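Here the structure is laid out as structure tokens; the discussion comes afterwards.
All figures in this text were calculated on a predicted structure; none of them were measured in a lab.
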Amino acid sequence: MSTTLGASRPDQAAYMLRAAAGAGRGYKRELMNLLDVQPGQTALDVGCGPGADLPELAERVGVRGTVIGVDRDPAMLIEARRRTTDLSAVEIREGDAHSLPVAPGSVDRAKIDRVLMHVVEPADVLAQLHSVTRPGARIGLAEPDWDTLAVDAEDLGTSRAFTRYTTSEVVRHATIGRSLARHAEQAGFTVETVIATAPVFLDFQDADYTLGLGRNLQQAIQDGHIDEERGRRWFTSLSEGSFFASFVLVSVICSR
């Protein structure tokens, strides 16, 4: 079993598709069901990435509906178009979440899934979302709280140091999950449901790939946040015997 630090960052489209099919499957299903997309509606996926959720949205809106997937990454757009080439209801548009290429008041259902933690200003993105949705629209938001990342190890101090580094240096808005409902209310939405789930990783290799254990630890060592010898011992120990890691992911359903 490989325990090499600093493995190259995975292909982003492949990474997102694997995450959606793995640890993210449960919360995604719940988010989609609560979004309650109906036939004939216009549904918007902000930061659609490689289009993992677009086929299901297309199935739910039916032949009379429209699904709009927006992303700014050319590689993601190519993959999203490839995955939806036979779905006439789907439109893929290049654009930034801060300036959505969508007509004001034209959307019935919208979702933003693990995107706000990366954007420059979450409040501006939610304001954009408020602008493009119709009165009565339903919106689904989902974001992790990386401050809750727990990695089981005998060296608890290094596990905690890794989480602190992830929160302070790796993710732009690492604790957006806990404040998601507040941000939604401040944007003018009415919060209806807030759900906290905890994806669980029991396989070291899967967690290393999805959570970036090795590559983020290597950077933490280089930046002087974790001692190299101690960090390498910690990382090696994770691959030996039982493995457990988890974090809290918050889903918010709100209305316009």
Side-chain angles (χ1 to χ4, degrees), residues 15-16 19-20 22-37 43-49 52-53 56-57 68-72 95-100 102 107-150 163-164 166-201 210-212 245-256:
Y15 170 85
M16 293 180 71
R25 186 182 304 169
Y27 89 85
K28 276 182 167 293
R29 184 184 305 113
E30 187 170 37
L31 184 71
M32 197 71 77
N33 288 338
L34 289 171
L35 198 55
D36 191 31
V37 179
L44 170 66
D45 190 354
V46 179
C48 66
D53 298 333
E56 182 173 353
L57 287 171
I68 303 170
V70 175
D71 207 284
R72 69 175 186 175
D96 191 281
H98 297 84
S99 182
L100 292 170
V102 181
V107 172
D108 302 290
R109 298 289 188 268
K111 62 180 281 290
I112 302 182
D113 184 354
R114 294 169 299 138
V115 172
L116 293 176
M117 63 177 171
H118 299 302
V119 302
V120 174
E121 182 47 69
D124 291 348
V125 173
L126 290 174
Q128 273 284 298
L129 197 61
H130 192 275
S131 174
V132 302
T133 49
R134 294 187 175 104
R138 199 166 178 82
I139 295 89
L141 311 171
E143 298 291 335
D145 187 329
W146 290 114
D147 203 30
T148 65
L149 176 61
T163 295
R164 286 196 300 272
T166 300
T167 302
S168 63
E169 304 295 331
V170 177
V171 184
R172 176 176 274 162
H173 303 290
T175 60
I176 186 70
R178 71 183 64 178
S179 58
L180 198 53
R182 171 166 54 84
H183 281 293
E185 288 181 344
Q186 290 173 346
F189 295 111
T190 299
V191 173
E192 298 180 355
T193 305
V194 180
I195 301 170
T197 58
V200 170
F201 297 83
T210 304
L211 303 177
S246 185
F247 63 91
V248 172
L249 187 142
V250 180
S251 298
V252 173
I253 299 295
C254 48
S255 58
R256 166 77 156 78

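For E192, the salt bridge (Lys or Arg N to Asp or Glu O under 4.0 Å) partners are R138, not counting sequence neighbours. Partners of Q128 under the side chain to side chain contact (heavy atoms under 4.5 Å, CB included) rule, at least two apart in sequence or in another chain, are L100. Residues forming a side chain to side chain contact (heavy atoms under 4.5 Å, CB included) with V194 (at least two apart in sequence, or on another chain): A181, V191, V250, V252. Under the rule for a side chain to side chain donor-acceptor pair (under 3.5 Å), the partners of R72 that lie at least two apart in sequence or sit in another chain are D96. In this structure, D124 has no side chain to side chain donor-acceptor pair (under 3.5 Å) partners at least two apart in sequence or on a different chain. Partners of S246 according to the side chain to side chain contact (heavy atoms under 4.5 Å, CB included) rule, which considers only residues two or more places apart in sequence or in another chain, are A198, V200, F244. Checked against salt bridge (Lys or Arg N to Asp or Glu O under 4.0 Å), R109 has no partners two or more places apart in sequence or in another chain. In this view, H130 and F189 satisfy the ring-ring contact (aromatic ring centres under 6.0 Å, His included) rule, not counting sequence neighbours. Qualifying salt bridge (Lys or Arg N to Asp or Glu O under 4.0 Å) partners for E169, counting only residues two or more places apart in sequence or in other chains: none. Under the salt bridge (Lys or Arg N to Asp or Glu O under 4.0 Å) criterion, R134 pairs with D108, not counting sequence neighbours. Qualifying side chain to side chain contact (heavy atoms under 4.5 Å, CB included) partners for T167, counting only residues two or more places apart in sequence or in other chains: W146, D147, T163, A174, T175.
Atoms NE2 and CD1, on H183 and I176 in that order, are 3.5 Å from each other to the nearest 0.5 Å.
In this structure, S251 and E30 have side chains that are not in contact, with every pair of non-hydrogen atoms separated by 4.5 Å or more. For the pair D53/K28, a side-chain contact is recorded, criterion being any heavy-atom separation below 4.5 Å from C-beta on. Within the 4.5 Å cutoff, side-chain heavy atoms of L34 are placed close to those of I195. Contact of the L129 side chain with the L44 side chain is registered, since non-hydrogen atoms from C-beta on lie closer than 4.5 Å.
Without hydrogens or angle criteria, T148 side chain to V248 main chain gives a donor-acceptor distance under 3.5 Å.
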